[in-house]
Amino acid sequence: NTMQELPSSPRNSKSLSMPFLGLAAVLLLFFASHTSSCTEQESSSLINFLDGLMPDGNGGLNDSWVNGTDCCKWEGIICSSDGTVTDVLLATRGLKGGISPSLVNLTGLLHLNLSQNSLEGSLPTELVFSRSIIGLDISFNRLEGHLQEMQSSNPSLPLQVLNISSNFFMGQFPKTAWEVMKNLVALNASNNSFTGQIPSFLCINAPSFAMLDLSYNQFSGNISLGLGSCSMPRVLKAGHNNLTGALPDGLFNATSLDHLSLANNAKLSNLTVLNLGSTGLSGKIPDSVGQLKRLEELYLDNNNMSGELPSALGNCSNLRYITIRNNSFIGDLSTVNFTMLDLRIADFSMNLFTGPIPESIYSCSNLVALRLAYNNFHGHFSPRIGNLRSLSFFSITNNSFKNITNALQMLKSCKNLTSLLIGINFKGETIPQDETIDGFENLQVLTIDDCSLVGKIPLWISKLAKLKMIDLSVNQLSGPIPSWIDELGFLFYLDISSNNLTGNIAVSLTKLPMLLSEENVAKLDPKFLELPVFWTPSRQYRMVSAFPRMLFLDNNNFTGTIPPEISQLKLLDGLNLSSNSLTGEIPQEICNLTNLQMLDLSNNQLTGAVPSALNDLHFLSTFDVSNNRLEGPVPTGGQFHTFSNSSYSGNPKLCGPMLNLDCTSAATNQTSTSRRHNLRFALIIGITSGGLVALALLACFLIARLAYYDHTENVVPLRSRQR
Ligand SMILES: *[C@@H]1O[C@H](CO)[C@@H](O)[C@H](O)[C@H]1NC(C)=O
Ligand SMILES: *[C@@H]1O[C@H](CO)[C@@H](O)[C@H](O)[C@H]1NC(C)=O
Ligand SMILES: *[C@@H]1O[C@H](CO)[C@@H](O)[C@H](O)[C@H]1NC(C)=O
Ligand SMILES: *[C@@H]1O[C@H](CO)[C@@H](O)[C@H](O)[C@H]1NC(C)=O
Ligand SMILES: *[C@@H]1O[C@H](CO)[C@@H](O)[C@H](O)[C@H]1NC(C)=O
Ligand SMILES: *[C@@H]1O[C@H](CO)[C@@H](O)[C@H](O)[C@H]1NC(C)=O
Ligand SMILES: *[C@@H]1O[C@H](CO)[C@@H](O)[C@H](O)[C@H]1NC(C)=O
Ligand SMILES: *[C@@H]1O[C@H](CO)[C@@H](O)[C@H](O)[C@H]1NC(C)=O
Ligand SMILES: *[C@@H]1O[C@H](CO)[C@@H](O)[C@H](O)[C@H]1NC(C)=O
Ligand SMILES: *[C@@H]1O[C@H](CO)[C@@H](O)[C@H](O)[C@H]1NC(C)=O
Ligand SMILES: *[C@@H]1O[C@H](CO)[C@@H](O)[C@H](O)[C@H]1NC(C)=O
Ligand SMILES: *[C@@H]1O[C@H](CO)[C@@H](O)[C@H](O)[C@H]1NC(C)=O
């Protein structure tokens with residue numbers, strides 16, 4: 001309410017809703033305004049800037065930016081005590097239009113923040129090379145074009161923070177910038193389209209340089225940085241570029257002969273974040289990585305790197321996050337001493353590692369996520385894995401581990417496990433049934449797919465009270481769907497496809513609480529995955545609750561009918577019952593599953609009609625009833641236009657325009673002849689009289705015919721004309 005008392009604020013209600021910083025700025029402006037006012041050149045510069053904006057994109061600034069009044073009182077403007085404009089703070093105002101170079105005439109300007117607007121055009125070079133600005137943030141706009149080189153030389157610019165990320169800039173980054181920005185502390189040029197050789201960016205001659213983000217651009221070429229007299233930023237992100245070549249061994253060489261100074265050592269060892277993921281780097285990780293004693297985060301994922309990990313990596317004892325996912329590293333991880341007490345997240349997946357899980361990793365008592373998936377690790381699990389008390393995400397999918405009983409016995413002592421992905425291991429073993437598999441009380445995601453496991457779906461799974469997703473697909477599990485399945489109160493994703501399961505589609509399956517009502521779903525805790533999970537090659541998930549709600553029961557030996565109670569699973573996104581031995585009709589009630597995006601009932605022995613109300617399923621994008629014994633017309637309208645013939649093939653008695661099979665000829669021989677007669681009669685009248693009456697008669701006939709098929713469910717099917 002203090003705002004109400006401000007005489008200079010013309011739009012109180014709007015000001016009240018401003019975030020705290022905005023409020024602080026206005027308060028500052030209020031106090032500043034009592035001291036002295038800005039110069040005419042300054043107001044003129046600002047008015048010119050305002051004029052450069054579009055009428056519908058000036059953020060309402062023209063209410064307070066009135067020529068002739070003191071610009072120190074204008075919204076978003078802060079002046080020093082002597083009335084010099086020092087700050088122009090106009091982030092997130094919906095500004096549209098160009099940035100006028102007139103702002104360069106604010107000769108005392110220190111901070112310019114125009115981020116998160118919709119500004120277009122180029123960024124005036126004068127602003128980048130301003131002799132006063134120390135903080136320039138124009139990130140998240142639609143600015144474009146090349147950044148120009150500086151024309152006249154200037155020994156040193158005051159700029160400390162430059163944020164031009166998330167625009168459409170292209171071309172080379174201006175070379176002169178690196179030379180004259182001697183006070184630079186942070187530079188963020190990420191998420192643009194800069195091209196050309198990656199700047200010899202470590203050669204910024206700025207002693208306080210701490211943060212450089214060049215990621216998400218198209219910089220290319222080698223990383224070939226001699227350290228020289230350059231500063232090393234503490235945070236270096238250049239991921240998602242088009243780099244080539246290897247990391248040169250001298251990259252981190254603090255002790256290179258010419259520069260064996262303590263200062264250089266210190267600069268080097270201060271690097272805390274190195275992100276060179278998705279850049280196309282090849283070659284080994286150089287031994288000199290061990291010089292980075294303060295390194296906390298190392299991203300080298302999605303590159304073409306190879307060779308063994310250097311044992312010197314173990315010297316980076318402050319590592320908290322390491323990912324080298326998706327490269328071609330080889331060898332035994334045990335060459336590195338992973339006794340790193342701060343290590344929280346480690347992703348070694350999709351490489352060619354062999355050997356056992358290194359013992360040293362068991363001493364990382366703060367490890368939260370460990371992914372070893374898609375390698376060739378083997379061996380047994382050590383009881384020491386229980387030391388990993390914080391371990392929440394553990395994935396060993398697709399390796400050569402043996403003895404699933406042992407693995408589960410060891411892993412159950414990791415009390416904090418929420419995601420356990422152990423599929424494509426333990427080939428042909430028997431899934432343990434015994435009661436001693438307990439614990440796992442926090443488990444939410446469990447995948448044991450593609451192991452060719454034999455046995456029944458074990459009872460211990462019923463005790464995983466927090467389970468949301470389970471994948472037991474591609475095994476040889478036998479027996480029925482357990483009747484306790486609906487006791488899993490949070491389960492919304494069940495994949496038991498491609499097993500040897502038998503019996504009916506259990507009614508208990510139609511009572512899974514998470515699929516029944518939104519009220520139940522509201523009880524789900526929003527669990528963030530510690531590492532993103534790639535469920536399909538193209539889709540990655542960061543939250544468990546973002547997964548679709550699915551039942552995959554396909555490729556088993558289920559018999560009996562589809563229970564009509566299936567309609568209770570209102571929240572279901574996908575249902576796959578294909579390739580079983582199901583009989584009977586498709587229950588009408590299935591049309592109540594209005595969330596369905598995928599429905600696959602193919603390769604069964606279903607009979608009767610395809611419920612026409614299926615066209616109420618507006619989200620359906622995959623539909624397959626092929627290879628059954630269905631008959632009658634296929635649904636039309638809505639998204640049913642988009643399904644191809646193959647959705648219906650192998651059902652000789654189905655008909656409809658989709659199948660080029662006229663359902664009219666499908667009636668009995670008598671009705672079809674009498675209809676043909678009527679049609680001929682109408683046509684004859686139409687042709688001979690040529691009158692409107694006849695045409696109307698014809699229309700009535702056709703409409704009646706359509707109506708007949710819309711309202712009659714059990715149309716006598718006709719034989720296929722295609723034969
Ligand atoms: C602002 O007003 C002054 C006179 O008060 C005038 O000289 C100047 O041209 C005006 N500036 C703009 C940008 O209209
Ligand atoms: C800065 O101000 C001077 C004098 O007022 C004017 O001539 C010049 O055009 C201005 N510069 C820009 C970029 O607007
Ligand atoms: C970046 O690499 C991709 C794939 O190698 C290539 O298609 C693209 O043209 C490259 N872009 C530039 C700017 O070099
Ligand atoms: C890096 O340092 C190692 C010794 O620590 C030395 O053998 C190597 O030549 C150095 N590389 C460069 C490029 O300076
Ligand atoms: C490195 O970090 C230390 C301690 O944080 C600091 O005193 C030193 O100035 C930093 N060196 C550089 C070159 O940033
Ligand atoms: C690994 O490092 C830790 C701590 O630095 C040390 O105690 C341990 O002996 C090392 N292990 C091996 C096998 O070198
Ligand atoms: C286990 O998880 C809970 C909840 O996420 C957390 O509060 C607790 O600190 C974790 N325990 C350990 C030992 O990390
Ligand atoms: C698998 O592990 C269990 C429990 O540790 C053990 O009793 C069993 O002998 C092991 N089986 C094989 C084949 O090694
Ligand atoms: C599962 O079914 C396949 C083929 O139907 C068969 O070859 C296999 O022996 C069966 N396995 C078990 C354990 O019943
Ligand atoms: C299904 O079960 C029948 C007998 O119950 C068996 O003959 C057939 O091989 C099984 N099919 C599959 C795919 O397991
Ligand atoms: C489910 O479908 C049946 C038959 O189609 C219908 O009678 C019933 O009202 C539907 N139930 C709900 C809750 O929509
Ligand atoms: C329908 O008529 C055709 C010939 O007109 C005949 O071959 C066929 O058997 C008849 N079908 C039925 C079901 O009567």
Side-chain angles (χ1 to χ4, degrees), residues 38-53 67 71 84-85 88 97-109 112 121-133 148 150-152 290 293 295 309-320 332-346 355-370 382 384-394 411-420 439-445 465-466 468 524-531 543-544:
C38 70
T39 66
E40 199 170 304
Q41 190 188 25
E42 286 173 324
S43 11
S44 192
S45 307
L46 290 168
I47 292 289
N48 282 340
F49 169 76
L50 184 62
D51 287 347
L53 300 176
N67 193 14
C71 73
T84 308
V85 174
V88 176
I99 301 179
S100 163
S102 66
L103 290 177
V104 80
N105 270 346
L106 301 169
T107 50
L109 188 62
L112 175 59
S122 59
L123 176 63
T125 320
E126 298 91 326
L127 291 175
V128 181
F129 296 105
S130 155
R131 290 171 196 201
S132 66
I133 295 177
Q148 304 297 321
M150 196 175 82
Q151 296 308 327
S152 60
K293 297 241 169 22
L295 196 64
L309 296 189
S311 60
L313 186 60
N315 295 347
C316 305
S317 54
N318 287 303
L319 269 183
R320 294 164 54 81
D332 192 331
L333 276 189
S334 306
T335 53
V336 181
N337 185 347
F338 282 102
T339 308
M340 299 170 179
L341 293 182
D342 294 323
L343 191 63
R344 290 174 51 78
I345 296 190
I357 298 178
E359 280 284 317
S360 59
I361 215 128
Y362 299 131
S363 49
C364 303
S365 52
N366 288 307
L367 196 64
V368 168
L370 176 60
S382 157
R384 289 188 65 209
I385 204 165
N387 291 355
L388 303 179
R389 285 177 213 291
S390 308
L391 191 66
S392 174
F393 182 105
F394 184 55
L411 285 165
K412 72 182 189 186
S413 53
C414 300
K415 296 289 181 199
N416 256 20
L417 265 185
T418 58
S419 306
L420 179 60
F440 296 116
E441 52 265 18
N442 290 308
L443 210 56
Q444 300 188 9
V445 178
K466 295 189 179 165
K468 295 173 178 172
L524 273 183
D525 71 312
K527 154 88 180 150
F528 274 95
L529 289 158
E530 290 79 5
L531 281 168
M543 276 182 90
V544 178

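Just so you know, ligand 1 is whichever comes first in the structure, and atom 1 is the first atom listed for that ligand.
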Practice task
Mark yes or no for whether Asn67, through its side chain, and Ser43, through its backbone, hold a donor-acceptor pair below 3.5 Å.
Solution key: no
Handout entry: Pair Ser392, Thr418: side-chain N/O donor-acceptor within cut-off below 3.5 Å
Key = yes
Completion exercise
When rounded to the nearest 0.5 Å, the distance separating CG of Leu443 from CZ of Phe394 is 12.5 Å
Completion exercise
Atoms of ligand 2 under 4.0 Å from any heavy atom of Pro101, numbered from 1 in the order shown, are 13 (C)
Exercise for the section: Could you tell me the separation between the CG atom of Leu367 and the CG atom of Leu341, rounded to the nearest 0.5 Å? Expected result: 11.5 Å
Exercise for the section: Drop me the distance from Leu46's CG to Leu106's CG, to the nearest 0.5 angstrom. Expected result: 5.0 Å
Report each N/O pair between ligand 7 and the protein that falls under 3.5 Å, naming both atoms.
residue, atom, partner, partner atom, Å
ligand 7, 2 (O), Asn416, OD1, 3.2
ligand 7, 2 (O), Asn416, ND2, 2.3
ligand 7, 11 (N), Asn416, ND2, 2.8
ligand 7, 14 (O), Ser390, OG, 2.9

Problem - From CG (Leu50) to OG (Ser102), nearest 0.5 Å - result: 10.0 Å
Practice task
Within a distance under 4.0 Å of any heavy atom of Gln41, pick out the atoms of ligand 2 and give their elements.
Solution key: 2 (O), 5 (O)
Problem - Gln444 side chain to Lys466 side chain, donor-acceptor N/O pair below 3.5 angstrom - result: no
